[in-house]
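What follows is a set of notes on a single structure, which appears directly below.
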Amino acid sequence: MQERVTTALLGALNGARQKGQLKTAAWPTLSLDAPKRPEWGDLASTVAMSLASSEHKAPHDIAQIIVENIPQREQLFDRVEIVRPGFLNLTVKPALWQEVLREIELQGARYGRTAVGAGRRVLVEYVSANPTGPLHVGHGRGAAVGQAVVRLLDAIGYEAVSEYYINDAGRQMKLLGASVYARYQELSGQTIAFPEDGYHGSYITSLAQQLKEELDRVADELTPADLETRCRSLAYQKLLGLIRDDLRSFGIEIQSWFSETSLLESKAIELALEELKTRDLLFQEDGAWWFRASTYGDEKDRVVKKQDGEYTYLASDIAYHHDKLRRGYDLLVDVFGADHHGYIPRMEAVMQAYGHPKDRLHVVLVQLVKLLRDGVEVKMSKRTGEFITMREVLDEVGADAANFYFLMRDSNTHLEFDLELAKQRSADNPVYYVQYAHARICSLWRVASARGIARPAAEGTDLTVLMDPDELGLIKKLSSYPEVVQASALAFEPHRVTYYLQQLAALLHTFYNKHRVLPPELDQENKESASTEVLTSKRTAARLVLMGAVQQVLRNGLNVLGISAPEHM
RNA sequence: GCGCCCGUAGCUCAGUCGGAUAGAGCAUCAGCCUUCUAAGCUGAGGGUCGUUGGUUCGAUUCCAACCGGGCGCACCA
């Protein structure tokens with residue numbers, strides 16, 4: 001609908017320009033808002049005011065010109081009003097709103113999908129937690145956001161792929177091996193010094209216990225160093241498996257797993273750096289090799305190969321992103337924890353170093369999660385290994401609630417997550433509020449079918465009876481869904497959909513309490529009805545169509561967020 | 001010190017490519033189930049949109065400075 005009206009306004013502007021009534025060469029982007037107050041119409045535009053300066057005319061006069069030039073004005077609008085400074089308030093014909101319901105039914109699960117990203121490929125990298133321990137709550141938020149971004153981009157036509165970058169090389173892995181090895185020795189009655197920066201979490205000890213039998217079998221044949229290496233690879237496999245399981249329980253299937261080690265083995269790092277060298281973006285100083293990141297706006301140059309000949313983490317990451325670029329993606333999205341924000345200029349420099357615009361990469365920052373239990377903060381410490389795992393949260397509140405909570409706020413702001421609140425199956429919990437709206441409609445179908453009322457198709461049902469403000473309000477909300485998805489995807493902000501769904505659910509609940517869809521039971525008919533509304537079979541049919549459309553959009557919206565739409569609650 | 005993010009109702013947060021009387025949930029108070037799921041609905045109270053300036057027809061939104069909070073500034077990952 002917005003699209004249709006925008007087209008009409010554009011037509012008006014162009015028409016006016018042809019007649020010489022307006023001069024501006026490039027129109028500003030036409031934004032149509034649903035005004036706050038019903039008397040301001042269905043949609044409002046501020047074009048006239050934004051054109052005032054370039055046209056050197058009073059906004060009101062410009063609005064007048066636009067109105068006169070709207071093609072097919074009579075067919076589209078019931079009312080077109082110009083208000084004070086120059087607002088253009090449009091009231092769309094109800095018949096056009098009613099059309100929206102047919103469109104939703106026709107498109108079904110596809111309703112809300114658009115083609116703005118058609119033909120473009122995007123790779124979304126998220127979580128990418130080191131396989132040195134279980135996923136914690138912070139990773140959970142990253143996972144929820146990453147998944148939602150993938151689904152949103154898919155919904156606007158991108159070919160979107162998810163990827164997990166496994167840091168399976170380097171120091172952290174060595175520390176993991178050493179930590180497990182130390183615990184293993186402890187279990188075998190020996191005592192050795194625990195590695196300085198080792199992993200202290202209790203999961204390391206239980207990991208050592210799990211692996212003990214297997215290690216005992218080979219302990220005599222292997223040197224301590226080899227045994228430690230064995231610890232590392234076994235622990236790594238175990239932990240990566242756990243991570244996969246956790247993600248799966250969260251409803252997330254990563255399509256591609258990319259190993260850092262594979263970069264070393266394929267010499268990809270050397271090749272990527274070699275390419276930088278030929279572009280004169282690499283230099284040697286103090287016995288180390290540096291990447292000229294400052295050429296592209298980073299605050300300083302960065303070491304990629306240390307004095308001791310080892311590559312830094314950045315070197316792998318350069319090679320990794322080089323690889324992603326070579327795979328031909330039009331857009332790369334990295335979902336980072338906010339503590340890595342300093343890393344962004346570096347990676348943007350990498351994009352440019354390989355001859356791509358820096359916006360080929362988009363980084364989505366996910367701020368920390370402040371976990372609360374009954375309003376009291378649960379402290380987490382990575383160093384001591386005390387943290388709340390994603391598994392615990394999932395077990396406690398369930399995947400849907402966790403997902404919804406993670407996606408309720410702008411990912412770039414701190415999130416408070418109260419476990420008790422998320423667990424409550426009550427009004428306090430917004431997840432159930434939205435799901436309940438869906439389940440309520442499903443219940444309508446069950447009752448209708450029990451009473452022998454068939455579910456009508458939108459086509460062939462007279463929808464003109466849907467004239468009540470509550471009915472039209474619902475339809476207007478439904479009609480804005482595709483726009484919400486599109487804006488949400490382009491901004492990489494899933495929380496917009498979460499908000500939309502809460503608003504839609506609120507309208508549905510209000511409607512449900514105020515109006516009836518199905519006729520009351522026969523023996524109730526003689527009673528003085530609370531509502532004076534006459535519920536004809538025609539009206540029932542139209543409202544069933546409306547309910548079906550609401551259900552469809554709720555389901556589509558929940559689906560794009562990775563949340564289930566239950567039929568019973 | 002430098003950089004990034006945040007500061008909106010008692011609490012948690014939406015809104016902000018500049019628009020008309022700033023929104024929601026929670027919490028508080030008062031109501032609504034013999035009829036389609038009360039995990040719901042209706043109503044009330046609650047605000048100098050951190051502060052001060054600037055830009056303009058118009059600023060919560062843009063700019064500057066300041067105050068407060070978080071994070072980052074490794075030849076760690």
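Order of the sequence lines fixes the chain letters, A, B, ..., with proteins taken first and strands second; residue numbering starts at 1 for each chain.
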query = Do any side-chain nitrogens or oxygens of Lys36(A) fall under 4.0 Å of OP1 or OP2 in A20(B)?
reply = yes

ask   = Of Tyr343(A) and Ile441(A), whose nearest nucleotide on RNA chain B comes first from the 5' end?
value = Ile441(A)

request  = Rounded to whole angstrom, note down the C1' distance from C66(B) over to A24(B).
outcome  = 32 Å

inquiry  = Looking at Asp334(A) and Lys324(A), is any side-chain nitrogen of the basic one under 4.0 Å from a carboxylate oxygen of the acidic one?
reply    = yes

ask   = Are any of the side-chain heavy atoms of Tyr296(A) and Pro345(A) separated by less than 4.5 Å?
value = no

query = Contact class for Lys300(A) (heavy atom, under 4.0 Å): base, sugar-phosphate, or nothing?
reply = sugar-phosphate

ask   = If you measure from the P atom in G15(B) to the same atom in C62(B), how many Å do you get, rounded?
value = 13 Å

ask   = Within the stacking criterion (centroid distance below 5.5 Å, interplanar angle below 30°), does Tyr433(A) stack on A39(B)?
value = no

inquiry  = Does Ala437(A) reach a base, just sugar-phosphate, or nothing at all? Heavy atoms under 4.0 Å.
reply    = nothing

ask   = With a non-hydrogen cut-off below 4.0 angstrom, is Arg37(A) in contact with a base, only sugar-phosphate, or nothing?
value = base

task = Would you classify Ala338(A) as touching base, sugar-phosphate or nothing, given that sugar-phosphate means primed atoms plus P, OP1 and OP2, and contacts are heavy atoms under 4.0 Å?
result = sugar-phosphate

ask   = NA contact type, Val517(A), heavy-atom cut-off 4.0 Å: base, sugar-phosphate, or nothing?
value = base

query = Do the side chain of Asn89(A) and the base of A20(B) come within less than 3.5 angstrom through a donor-acceptor pair of N or O atoms?
reply = yes

message = Please confirm whether the shortest side-chain N or O distance from Lys306(A) to OP1 or OP2 of C76(B) is below 4.0 Å.
response = yes

ask   = What is the distance, rounded to the nearest whole Å, between atom CZ of Arg346(A) and atom P of G72(B)?
value = 13 Å

key: Interatomic distance, Arg141(A) CZ vs C13(B) C1' [rounded to whole Å]   = 12 Å

ask   = Which part of the nucleic acid, if any, lies within reach of Glu567(A) when heavy atoms closer than 4.0 Å are counted: base, sugar-phosphate only, or nothing?
value = base

task = Find the distance Tyr165(A):OH to A77(B):C1' and express it as a whole number of Å.
result = 10 Å

note = Of C75(B), C76(B), C71(B), the nucleotide closest to the side chain of Leu368(A) is C71(B)

inquiry  = Between A65(B) and C5(B), how many Å separate the two P atoms, rounded to a whole number?
reply    = 14 Å

Leu407(A) CG to A14(B) C1', straight-line distance once rounded to whole Å = 15 Å

remark   = Whichever of Gln172(A) and Gln503(A) has the more 5' nearest nucleotide on RNA chain B, that residue is Gln503(A)

request  = Find the distance Lys370(A):NZ to G70(B):C1' and express it as a whole number of Å.
outcome  = 10 Å

task = In sequence, state the C-alpha distance, the side-chain angles, and the governing distance for Gln435(A) and Asp400(A), and then conclude on side-chain hydrogen bond (donor to acceptor under 3.5 Å, both in side chains).
result = CA-CA 10 Å; Gln435(A) 291 184 324; Asp400(A) 280 345; 3.0 Å; yes

request  = Over 60° means perpendicular and under 30° means parallel, so classify the ring planes of His340(A) and Phe336(A), tilted if in between.
outcome  = tilted

ask   = If we take the P atom in both G23(B) and U28(B), what is their distance in whole Å?
value = 24 Å

query = Around atom NZ of Lys358(A), are there more than 12 heavy atoms of other residues, nucleotides or ligands at under 6.0 Å?
reply = no

ask   = Under a 3.5 Å cutoff on both atom distances, Watson-Crick or G-U, what's the dot-bracket for RNA chain B ([ ] crossing, | other strand)?
value = (((((((..((((.....[...)))).(((((.......))))).....(((((..]....))))))))))))....

message = Run the side-chain hydrogen bond (donor to acceptor under 3.5 Å, both in side chains) test on Gln551(A) and Trp445(A) for me, step by step, so that the C-alpha distance in whole Å, both residues' side-chain angles and the decisive distance to 0.1 Å come before the verdict.
response = CA-CA 11 Å; Gln551(A) 184 197 1; Trp445(A) 308 135; 2.8 Å; yes

request  = Using the P atom as the reference point in each nucleotide, state the distance between A64(B) and U55(B) in Å, no decimals.
outcome  = 15 Å

key: Heavy-atom side-chain contact between Leu90(A) and Asp42(A) under 4.5 Å   = no

task = Under 4.0 Å between any heavy atoms, over every strand shown, what does Trp40(A) touch: base, sugar-phosphate, or nothing? Just pick one.
result = base

inquiry  = Which label fits Tyr165(A) and Tyr320(A): parallel for a plane angle under 30°, tilted from 30 to 60°, or perpendicular past 60°?
reply    = parallel

message = Heavy atoms only, 4.0 Å cut-off, all strands: where does Arg302(A) land among base, sugar-phosphate and nothing?
response = nothing

query = Whole Å only: how far is the CE atom of Met49(A) from the P atom of A59(B)?
reply = 13 Å

ask   = Quick one: does Arg409(A)'s side chain have a donor or acceptor within less than 3.5 Å of a partner on Ser411(A)'s backbone?
value = no

task = Scan Gln307(A) against the nucleic acid and name what it touches under 4.0 Å (heavy atoms): base, sugar-phosphate only, or nothing.
result = base

task = Considering only NZ, NE, NH1 and NH2 on the basic side and carboxylate oxygens on the acidic side, decide whether Glu310(A) and Arg171(A) come within less than 4.0 Å.
result = no

key: P gap between G7(B) and C13(B), integer Å   = 10 Å

ask   = Starting at CG of Asn513(A) and ending at C1' of A38(B), how long is that distance when rounded to a whole Å?
value = 8 Å

inquiry  = Work out how far the C1' atom of A27(B) is from that of A9(B), and round it to whole angstrom.
reply    = 11 Å

request  = Take the protein atom CZ of Phe511(A) and the nucleotide atom C1' of C36(B), then report the distance between them rounded to whole Å.
outcome  = 11 Å

message = Base contacts versus sugar-phosphate-only contacts with protein, heavy atoms under 4.0 Å: please encode nucleotides 1-12 of chain B as B, S and - from 5' to 3'.
response = --BBS------B

ask   = Is the ring centre of Tyr512(A) under 5.5 Å from the base ring centre of G40(B), and are the two planes under 30° apart, so that they stack?
value = no

message = By the 4.0 Å heavy-atom rule, please label His568(A) as base, sugar-phosphate, or nothing.
response = base

message = I want to check one thing: is the phosphate of A38(B), taken as OP1 and OP2, less than 4.0 Å away from some side-chain N or O of Arg440(A)?
response = yes

request  = Assign Asp339(A) to base, sugar-phosphate, or nothing according to its heavy-atom contacts below 4.0 angstrom with the strands shown.
outcome  = sugar-phosphate

task = Kindly label the base of C67(B) as syn or anti, based on whether its glycosidic torsion lies within 90° of 0.
result = anti

request  = Would you mind classifying the nucleic acid contact of Asp308(A) as base, sugar-phosphate or nothing, using non-hydrogen atoms under 4.0 angstrom?
outcome  = nothing

ask   = Using the C1' atom in both, what is the distance from U52(B) to G68(B), to the nearest Å?
value = 15 Å

Parallel, tilted or perpendicular, as decided by the 30° and 60° cut-offs, for the rings of Phe492(A) and His362(A) = parallel

key: Check: Thr261(A)/Asp168(A) side-chain N/O donor and acceptor closer than 3.5 Å   = yes

inquiry  = Applying a 4.0 Å non-hydrogen cut-off, can you work out what His515(A) is touching in the nucleic acid: base, sugar-phosphate, or nothing?
reply    = base

inquiry  = Using 30° and 60° as the class boundaries, would you call the ring planes of Trp290(A) and Phe283(A) parallel, tilted or perpendicular?
reply    = parallel

